[in-house]
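Values below: all heavy atoms of this structure, side chains included; hydrogens, waters and symmetry mates excluded.
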Amino acid sequence: MGSLPPFFSDFINPHSPPNTKTTTTTTTTTTQFSSASSCIDETTLLNLFKSQQSHLNFFFQHLDLPQTLAFTRTLLLQSSAGATIFFSGVGKSGFVAHKISQTLVSLGIRSGFLSPLDALHGDIGALSKTDVLVLFSKSGTTEELLRLVPCAKAKGAFLISVTSVDGNALASLCDMNVHLPVERELCPFDLAPVTSTAIQMVFGDTVAIALMGAKSLTKEQYAANHPAGRIGKSLIFKVKDVMKKEDELPVCKEGDLIMEQLVELTSKGCGCLLVIDAEHRLIGTFTDGDLRRTLKASGEAIFKLTVGEVCNRHPRTIGPDAMAVDAMQKMEAPPSPVQFLPVINDQNQVIGIVTLHGLVSAGL
């Protein structure tokens, strides 16, 4: 076991006699931990992060790249042939295995998590001779995985162990092994798996992205697997999918009196009027901000003013096939942000309106 960092060493009483009773030691240690909790300062925390960085660098510097490449190519070959890539693990390694499996699924690669316990009670039925089973275990001595191996072999699956201890039992039983070098755990006792699991996660996610590149996954394909999330919405939804149209549009003619259009201005929830001609072509826009400014500048004369006399004849616009996320960026662009964009077709005819509120409500 490695030596304790100075910060943690302070928690051990160097003056305790060899035969101190367990209860006394426990009480002393608990008291010291309690009093030391206020000693976690910025320097201490920074040193811990630096230590973890050093442990991760050790992994990067000692990783067997040819071995990792063989592993990655195996997953690529098998998945391209229609195999399902199953992952399994126990405890923290199990959480990592499940996460990596979900990452592959999100990339359109058939994958799943196989609980070593549930597998022995029926779930192994999902495993076939064309599939791959990747087993994560730092020590390679996890009993649940060792019991699963012969059953998975009987199904004909290709077994790969991912471990961090040389000469372990699990590696000797599998068709392939990948060694993940671990210098030590960040834990002062070198016990809590906080560095080894971080390495497993980095390893699995990096391999997943390598597979993503090899399969030439496009943004559109990735978004199709995330339709409800912001990622998917930003890559899938177009302006025409989120715009208001037809009876929802706050439209008026340029010859209409401003005061006669107040209901139209306020009832459609857009904060503006779209000024159009007889062919529904866009002439300009008139906002509730324009109303306030005109009222302040004109006073009672506003009752005689038409919308066309004060409207903005050069508003920002957007087409229906533009991405919704691009509409939001256009609204927020300099010199000043706007709350809406008229949607026009190639003939400059108004076919809709997209609002900032509508985009936010859509989850963009």
Side-chain angles (χ1 to χ4, degrees), residues 218-295 302-303 305-364:
T218 65
K219 279 187 176 182
E220 290 72 24
Q221 290 172 324
Y222 183 77
N225 296 332
H226 301 75
R230 184 168 185 175
I231 295 174
K233 290 177 180 178
S234 66
L235 295 174
I236 292 177
F237 283 96
K238 295 185 176 182
V239 168
K240 62 185 177 184
D241 298 318
V242 295
M243 71 181 187
K244 292 186 176 184
K245 49 190 175 183
E246 299 176 352
D247 293 340
E248 299 176 295
L249 299 180
V251 295
C252 70
K253 302 296 177 59
E254 63 177 328
D256 293 337
L257 292 174
I258 293 175
M259 302 308 290
E260 292 179 354
Q261 294 301 316
L262 293 185
V263 173
E264 186 74 5
L265 175 64
T266 58
S267 64
K268 299 297 177 68
C270 298
C272 69
L273 291 171
L274 303 179
V275 187
I276 58 175
D277 64 14
E279 302 299 325
H280 228 72
R281 289 188 292 264
L282 181 67
I283 294 175
T285 61
F286 182 81
T287 69
D288 47 12
D290 293 329
L291 174 64
R292 290 190 295 273
R293 286 186 288 272
T294 302
L295 180 60
I302 194 173
F303 287 96
L305 290 176
T306 64
V307 178
E309 292 178 90
V310 291
C311 72
N312 173 19
R313 292 179 177 265
H314 301 284
R316 302 177 199 178
T317 61
I318 198 164
D321 292 319
M323 302 305 296
V325 67
D326 292 334
M328 179 173 286
Q329 292 174 354
K330 195 167 188 177
M331 289 183 194
E332 296 172 344
S336 59
V338 296
Q339 300 295 309
F340 66 92
L341 292 174
V343 183
I344 59 174
N345 61 19
D346 294 337
Q347 287 74 46
N348 197 41
Q349 293 173 314
V350 175
I351 58 174
I353 183 172
V354 60
T355 65
L356 183 60
H357 179 267
L359 293 175
V360 172
S361 298
L364 294 164

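- How far OG1 of T317 is from CD1 of I353: 11.5 Å, rounded to the nearest 0.5 Å.
- For K240, the salt bridge (charged side-chain N to carboxylate O under 4.0 Å, His left out) partners at least two apart in sequence or on another chain are D321.
- Here the closest non-hydrogen pair linking M323 and K238 is SD-CG, 4.0 Å.
- Counting heavy atoms from C-beta on, the side chains of T355 and Q339 never come closer than 4.5 Å.
- Note that CZ of R316 is 10.0 Å distant from CZ of F340, once rounded to the nearest 0.5 Å.
- A side-chain donor-acceptor contact under 3.5 Å links N348 to the backbone of L282.
- Side-chain contact check for D290 versus V310: every heavy-atom pair is 4.5 Å or farther apart.
- Note that CG of L265 is 10.0 Å distant from CD1 of I258, once rounded to the nearest 0.5 Å.
- Considering only heavy atoms from C-beta on, L341 comes within 4.5 Å of M331 through its side chain.
- Residues L262 and L291 come closest through the heavy atom pair CD2-CD2, 3.7 Å.
- When atom types are taken as modelled, the side chain of Q221 and the backbone of T218 share a donor-acceptor pair closer than 3.5 angstrom.
- For the atom pair R293 CZ and T287 OG1, the distance stands at 5.0 Å (nearest 0.5 Å).
- No donor-acceptor pair under 3.5 Å is formed between the side chain of K253 and the backbone N or O of V307.
- Side-chain atoms of Q349 come within 3.5 Å of backbone N or O of E279 as a donor-acceptor pair.
- Put simply, the side chain of T285 reaches to within 4.5 Å of the side chain of L274, judged on heavy atoms.
- Residue T266 holds its OG1 atom at 9.0 Å from CG of L273, rounded to the nearest 0.5 Å.
- We find the CD-CD1 distance between Q329 and I318 to be 9.5 Å, quoted to the nearest 0.5 Å.
- Between M259 and L257, every side-chain heavy-atom pair lies at or beyond the 4.5 Å cut-off.
- Side-chain contact between L356 and M328: present, with at least one pair of heavy atoms (C-beta onward) separated by less than 4.5 Å.
- Counting heavy atoms of neighbouring residues, nucleotides and ligands inside a 6.0 Å radius, atom CD of E246 does not exceed 12 of them.
- Annotation for V354 and A327: closest pair CG1-CB, 4.4 Å, computed over non-hydrogen atoms.
- Contact annotation: the side chain of V239 never approaches that of D326 to less than 4.5 Å [non-hydrogen atoms, C-beta and beyond].
- Checking side-chain atoms of K268 against main-chain N and O of L249 turns up a donor-acceptor pair under 3.5 Å.
- Contact record, G284 with C311: CA-SG, 4.3 Å, taken as the closest heavy-atom pair.
- C252 places a side-chain heavy atom less than 4.5 Å from the side chain of V275.
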